[in-house]
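Keep in mind that the numbers below use all heavy atoms, side chains included, and drop hydrogens, waters and symmetry copies. Chain A is the first sequence line, chain B the second, and so forth, proteins listed ahead of strands; every chain is numbered from 1.
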2 protein chains.
Amino acid sequence: MQNSVGIVETKYYKTEDKIILESGEQLGPIQIAYETYGTLNAQKDNAILLLHALTGDAHAAGFNSEQDKKPGWWDDMVGPGKAFDTEKYFVISSNMLGGCSGTTGPCSINPNTGKPYGLNFPVITIEDAVKVQKKLVDYLGVKKLIVAGGSMGGMQALEWAITHSDMVESAIIIASTSRLTAQGIAFNAVGRNAILSDPYFNNGDYYDKEKQPEKGLAIARMIGHITYLCEESMHSKFGRHFKNETNGIEKPNFDFNIDFQVESYLAHQGQTFVERFDANSYLYITKAVDYFDLAQKHGSLTNAFKKTNARFLIMSFTTDWLFPTSQSKEIVQALIKAGKDVSFCEIDSPCGHDAFLLEFETQTKIVKSFLSKAAGEKNATV
Amino acid sequence: MQNSVGIVETKYYKTEDKIILESGEQLGPIQIAYETYGTLNAQKDNAILLLHALTGDAHAAGFNSEQDKKPGWWDDMVGPGKAFDTEKYFVISSNMLGGCSGTTGPCSINPNTGKPYGLNFPVITIEDAVKVQKKLVDYLGVKKLIVAGGSMGGMQALEWAITHSDMVESAIIIASTSRLTAQGIAFNAVGRNAILSDPYFNNGDYYDKEKQPEKGLAIARMIGHITYLCEESMHSKFGRHFKNETNGIEKPNFDFNIDFQVESYLAHQGQTFVERFDANSYLYITKAVDYFDLAQKHGSLTNAFKKTNARFLIMSFTTDWLFPTSQSKEIVQALIKAGKDVSFCEIDSPCGHDAFLLEFETQTKIVKSFLSKAAGEKNATV
């Protein structure tokens, strides 16, 4: 566990008051699952808030127990000496509102009924998620903040930098966008459709039922995985190879069982996903992603960024077609127009959108360089 | 109905003998639904065989009755004076083996059981489909042939040109490929998964049941439609517009009903598709597409093309990411290596893969020019 934050405990903060959501509905009390790595300094200004992607959770780094086989989802980026250096920074990671890993979401108990919310959970937005995260950050006593996230995490980081301009000093936005493309909405919509069409979905009321909408959720995940990879990475990983081989010769099945290797990959991804994720959460969180649109909300993207005081690091990946470089450039151009401090890097990678979870070396160099240029580097030991 | 082939009748040819499929299984008798436009000349060498895409049928041009509101799927390309000029050519179009529009497929009656084949229908390939088309073409007395098709139709045209090199003089391959990408297989696989997961699929035995696997088939179709368009066309058609508006102001639903306009489009496409297509056919035909791989079958693509005597016209579209230009170029390069006569054109279009069904003007010019350069243009009236 060299360079690891080691064993960490997921903690829970509960806010008793209700928050007013963007839809106008109220929600509360709200529990927030979170982890922290490193130490908050005396000035309380060395915090980094990590924001997870679509199906992430609070467990960004280290291990939750000695038995844990896999570290947190961004472990290669978070730890002593790493991109998000826990010897310098107090790193916070929380599960998003609407999620299913400890933060209040559709699988949580609705205090009004004593049963899981299901579809009675209100539709939430990225703005709402940030509102909840702000409560956690205040509770932890943080005064100044760096925000960082990939994909949907980048959307939240953008929202943070604009809405809490007094607090956010730097924002790191990776493989993200200020608004999803029509194609992105379409993929999410078909995924939701697969869940809503599953006969075991039962209008979202399936938690105490024998069967769950697993097939619909698995299909949604398979569609997602096609968009997280790219043809280049699919070609090099699977090509047109068949799964079955006899004496070293690959053979087609001539039936509808798993046949090509890429089918086997997708089936595996679908199956492992249903073991860890809630179908209702998938509906709510993809919807929040679809709704996010800074230009629409603030009149223009430039107007949106006029409200921020943060320095920005924007990164994209050459083969990411879900959150393409063109969208990162849109952000960069609007930041420049708004007169803000922005660094931009398009990283050459064959890994598609998934690159933000894989290309650690390059990301580490760029993030370290960006953070070291922050006005007076923070020190946790001061 | 100016420039239209007018009212046409779908005819049926039945071959009593069995064919041996690529899988080794036997199938027969086989019925083939087909239409013809124009007249076969005395030399029987002015025929053009049109080959349809994934969900097409025999009805390529004209109207099947006075009441018909929509003409055939390639009506803009087929008729007097059009790209496939019915005053010069005898144009044939047939429904593919495994289809559900008159040619034998999984919804046909299995003579051994007296019930629809369902999943007892053997898995078929593009090669098998061409084998069946050859029987029809022979029955019609055709001696020389031009083959033309877009997407999966292009795959069949390639197979024709290689397997029946004595007969095929010219081949027009539009928005197609000699083998699907891993990403293409992945999309087809998820679509099949949606069908196979539908509780009303009932292992393919649903024809006499009250409920059919409509939701699974609709999801498969929605996935398909995302790949037939491109982000550019989705952006200009739908953008991020919501369906609901009040006093001219678009509003989000804050629920999981149809919300964005692109969702409405996909839902409509899914719904209209299930009214005209059979879920089992979708499984069989996408599988045939996945299996098609000329390089794998012939050792290399160049080897494959060494067997043909045809002239080739290869066309692709700039925004087609399902059958991208790079794949058309692969075909062109292999044809050149094999010493064959090939013309290639990449057409600038914002319509994605669907362009072969939409960009008539440019296609017409190119096809006419290509056909006019054929060794001695044919004349139906001779």
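With a 4.5 Å cut-off on non-hydrogen atoms, B:Y291 touches chain A through its backbone and its side chain both. Both the backbone and the side chain of B:Y284 come within contact range of chain A, each with at least one heavy atom under 4.5 Å from a heavy atom of that chain. Heavy-atom distances place no part of B:I124 under 4.5 Å from chain A, backbone and side chain included. With a 4.5 angstrom heavy-atom cutoff, B:F187 touches chain A via backbone and side-chain atoms both. Heavy-atom distances place both the backbone and the side chain of B:I219 under 4.5 Å from chain A.
The environment of NZ in B:K251 is sparse: at most 12 heavy-atom neighbours from other residues, nucleotides or ligands sit within 6.0 Å. By the neighbour-count criterion of 12 heavy atoms within 6.0 Å, atom NZ of B:K211 is sparsely surrounded, having that number or fewer from other residues, nucleotides or ligands. Around atom NZ of B:K243, no more than 12 heavy atoms belonging to other residues, nucleotides or ligands sit under 6.0 Å away. By the neighbour-count criterion of 12 heavy atoms within 6.0 Å, atom NZ of B:K209 is densely surrounded, having more than that number from other residues, nucleotides or ligands. Residue A:K18 places its NZ atom among more than 12 non-hydrogen atoms of other residues, nucleotides or ligands, all under 6.0 Å distant. Applying the 6.0 Å contact sphere to OH of B:Y200 captures no more than 12 heavy atoms from other residues, nucleotides or ligands.
The most heavy-atom pairs under 4.5 Å with chain B, out of A:V262, A:L266, A:L119, A:I185, come from A:I185. Ranked by non-hydrogen atom pairs under 4.5 Å with chain A, the options B:A267, B:A186, B:A189 are led by B:A186. Of the listed residues A:R192, A:E22, A:E25, the one with more heavy-atom pairs under 4.5 angstrom with chain B than any other is A:R192. Ranked by heavy-atom pairs shorter than 4.5 Å toward chain B, the options A:H235, A:H241, A:E231, A:K237 are led by A:E231. Comparing B:M222, B:Q261, B:H225 by heavy-atom pairs within less than 4.5 Å of chain A, the highest count is held by B:M222. No other option in A:F242, A:W321, A:F260 has as many heavy-atom pairs under 4.5 Å with chain B as A:F260. Chain A forms more heavy-atom pairs under 4.5 Å with one residue of B:L196, B:L21, B:N253, B:L180 than with any other, namely B:L180. Contacts with chain B were tallied for A:L229, A:D198, A:N188, A:N193; A:N193 has the most, counting heavy-atom pairs under 4.5 Å.
Taking every heavy atom of both residues into account, A:R240 and B:D293 meet most closely at NE-OD2, 2.9 Å. Between A:G239 and B:A182, the shortest heavy-atom contact is O-CB, 3.3 Å.
Using a 4.0 Å cut-off between charged nitrogen and carboxylate oxygen, A:D259 and B:K287 count as a salt-bridge pair.
The side-chain heavy atoms of A:Q183 and B:F238, taken from C-beta on, include no pair separated by under 4.5 Å. For the pair B:T125 and A:F254, the minimum side-chain heavy-atom distance is below 4.5 Å.
In this structure, CZ on A:F256 lies 9.5 Å from CD1 on B:I195, to the nearest 0.5 angstrom.
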